[in-house]
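Working notes, structure below.
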Amino acid sequence: MIATALIFMMASQAQEPALIPTPARLEIKSGSFNLSESTRVLIDPQAINLKTAVAELLGRALRARKSSRNKLHLSIEKDRTSMGEEGYHLSVKPSEITIQSATSKGLFYGLQTLRQLLPASIYGGAQASVWAIPCVEIDDWPRFPWRGLMIDSSRHFMPKSEILKFVDLLAMHKMNVLHLHLVDDQGWRIEIKRYPKLTEIGSKRDFDSQGHFGDELYGGKKHGGFYTQQDIRDIVRYARERYITVVPEIEMPGHSQAAIDAYNELGTGDRPGVTDEWGSHGNVYNVNESTIKFLQNVLKEVMQLFPSKFIHIGGDEVSHDQWQLSPSAQALKKERGLKDEQELQSWFIRQMDAFLADHGRRLIGWDEILMGGLAPGATVMSWRGIDGGIAAAKAGHDVVMAPTSHTYFDYYQSKFRAKEPPAGGGYLPLETVYQFDPVPSVLSDAEAKHILGGQCQLWAEYIPTPSHLEYMAFPRAAALAEVVWSPKKSLDFADFRARLVQHLKRLDVLEVNYRRLDPPMPAPIGHWSPAEVSEQLQTKEWEATPALHGAGTYDVLFEYTVGECRLDIAWVELLEDGKTIARDAHDGRTGAQDMKNQYRLTLADQKPGSTYLVRAGVRSDGGTDSSGDVYFIRSP
Ligand code: ACM
């Protein structure tokens, strides 16, 4: 919370409202406004969409509008332009609430804030005869114009109802971009009238699907689904009413196996099948004129459905093997004087860039579109870290930051993987998301203007259901929403977390299956370092007494931090005054990929004055270069 607000809060003894994202300026005043059925609502005739928004957001609280004793006044004020088109002023006084903005969009965000000043039950359409709203003065505007979330509907199809639920959740968090990843090797998910086989064939796979370790995670069932054009229109309209732009992604030239299976002439070899394995695959579109035309025809239909200025064409993880072996690709390379396959890829992307520009749109793609030279109008979505974004911004291109390190919400939310549903790997806790700053410090002020904002990604290989999508998205998306909206100087994780506890009650009412907050992670009970490991199985011990809190179940977690070698673990024991009282023997390992690196020990009774040790049988997988930490944590 900002310092001025703290002073006001202390002066008035008022409760700090749990606003997420936290506003740019907040003053808490004494007194309150009584919102009731008799509150009169005045909506500026110039405002659009807001009747529905008021009805939806404040619900039956405002059923009757008879009395003029107190009023809620929403007005478009051109002199609020200095706050930007999304900024708003919200004033709650005992007799009147006013929300002012230069645009309807700003008023909509003001309403979202007003809603967070009401009890959480408002999110369920609850009714009270009178609600006291604390008096506040708020000036608020976003730090970035692009505040996005990506849903991957290719790896697992997400039904329209869930997409609409996410639209509401994004609006509530003042996010404004929903990026739909509609096409990948594992499924084509959007109806294209001109090419019906894209969905007839490309939206289905026989098997769902293998994990990284070859396990049959999702029972081997068939998987399929796609959005009809009417579904897309419904989603786009619903989003537009909530000031959210839906950005479609049509992957090319890689990640195209489902499309190539549907129309084999787009590829360079035999029909590949719609793959049931995760990871990126070697199939790429060929570079024939007919294929370029095919994809531009697809984009034509996509542009008719999505009014978004930006159209995402993917462009990531393109294997060049097939082009190297393809006579037509090699001939085109020669004819155009292109040095290598990277330049060929760049040529491919430029065909799309020019086509989209001709239709008044702008191309956005993953940072691999920088390879071989960036197309003139292209905007870069930087995912392999931030370097691609930095290079693009320095070259004068717009950038959306989406680095794996802070925004890949397919990563685990806890180090205790055994307690989490399977995920692709990686570790991205709430706190790290909150540390995300889309503007790298190496950029000058002028270059930093090219950073449009940031976005989180819900890659769905390991997200088979809507409720699981919510589990991976929240509360991390609330943290992301705050860092892309709120001024950098007002960001404070401890304060955010305190507000989040209240905010989660809203998500409860909305029946969002968010992940519960962790207690703070304790310090490790010990470490291992290169001097202490070898290829031979050996015994190591760490003192556990200070970490014990009475009888119960405890988890021992081995967490590799650095080094060439992983640590393999054979067994773990708990010793009381030198005597083994609990043991968990299974093969585990921790390294770049962890597997079963958590051991469970039960203590029946903690004896006062006794000494407890954790003992483990460990070895490296070759050499000594391995370091890491050992945690001992009571299981909830
Ligand atoms: C990506 O994660 N391949 C964009």
Side-chain angles (χ1 to χ4, degrees), residues 146 148-156 158 177-189 209 212 247-259 275 277-285 310-321 342 345-346 348-349 352 363-372 374-375 378-392 397-412 423-428 432-433 436 438 452-463 469 472-473 476-477 480 592-593:
W146 186 300
L149 175 141
M150 189 210 80
I151 295 176
D152 165 15
S153 273
S154 172
R155 273 51 176 267
H156 280 108
M158 287 299 150
V177 174
L178 173 63
H179 167 178
L180 291 180
H181 183 78
L182 293 165
V183 168
D184 217 304
D185 295 326
Q186 292 82 4
W188 182 285
R189 307 274 176 234
S209 209
H212 281 319
V247 175
E249 180 183 352
I250 306 295
E251 274 269 21
M252 61 185 83
H255 290 271
S256 48
Q257 189 166 325
T275 184
E277 286 182 14
W278 305 142
S280 68
H281 296 264
N283 285 285
V284 291
Y285 290 124
F310 287 96
I311 303 290
H312 203 304
I313 53 76
D316 57 317
E317 299 178 310
V318 183
S319 163
H320 293 150
D321 296 353
Q342 287 196 357
Q345 182 177 331
S346 171
F348 187 105
I349 301 295
M352 302 305 154
L363 178 146
I364 184 165
W366 301 109
D367 56 63
E368 287 93 328
I369 64 171
L370 281 155
M371 294 158 72
L374 193 53
T379 294
V380 168
M381 193 167 266
S382 190
W383 74 280
R384 297 177 302 170
I386 56 173
D387 291 350
I390 292 170
H397 288 262
D398 285 342
V399 172
V400 174
M401 282 295 188
T404 54
S405 56
H406 293 78
T407 69
Y408 266 40
F409 286 11
D410 51 329
Y411 286 11
Y412 281 96
Y427 172 52
L428 180 55
T432 306
V433 176
F436 176 42
L452 301 181
Q455 175 175 295
C456 53
Q457 332 328 304
L458 288 155
W459 296 109
E461 287 92 338
Y462 296 87
I463 302 181
L469 190 70
M472 298 308 275
R476 290 185 292 191
L480 186 105
Q593 287 271 351

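Both counts, for ligands and for their atoms, begin at 1 and track the order of listing. Here the structure is a predicted model, which means the values were calculated and not measured.
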Across all chains, not counting sequence neighbours, the salt bridge (Lys or Arg N to Asp or Glu O under 4.0 Å) partners of Asp398 are Arg362
Excluding sequence neighbours, so at least two apart, what forms ring pair (Phe, Tyr, Trp, His ring centres under 6.0 Å) with His281? none
Under 3.5 Å donor-acceptor, Ser346 side chain and Gln342 backbone: no
Full working for side-chain contact (heavy atoms from CB on, under 4.5 Å) between Phe436 and Met401: CA-CA 10 Å; Phe436 176 42; Met401 282 295 188; 3.8 Å; yes
Can you find a heavy atom in the side chain of Pro253 that is under 4.5 Å from one in the side chain of Ile349? yes
Residue list, side chain to side chain donor-acceptor pair (under 3.5 Å) with Gln455, at least two apart or on another chain: Trp146, His179, Gln457
Exercise answer, ligand 1 polar atom pairs (N/O) under 3.5 angstrom:
{"unit_1": "ligand 1", "atom_1": "2 (O)", "unit_2": "Tyr408", "atom_2": "OH", "d": "2.6"}
{"unit_1": "ligand 1", "atom_1": "3 (N)", "unit_2": "Asp316", "atom_2": "OD2", "d": "2.6"}
{"unit_1": "ligand 1", "atom_1": "3 (N)", "unit_2": "Glu317", "atom_2": "OE1", "d": "3.2"}

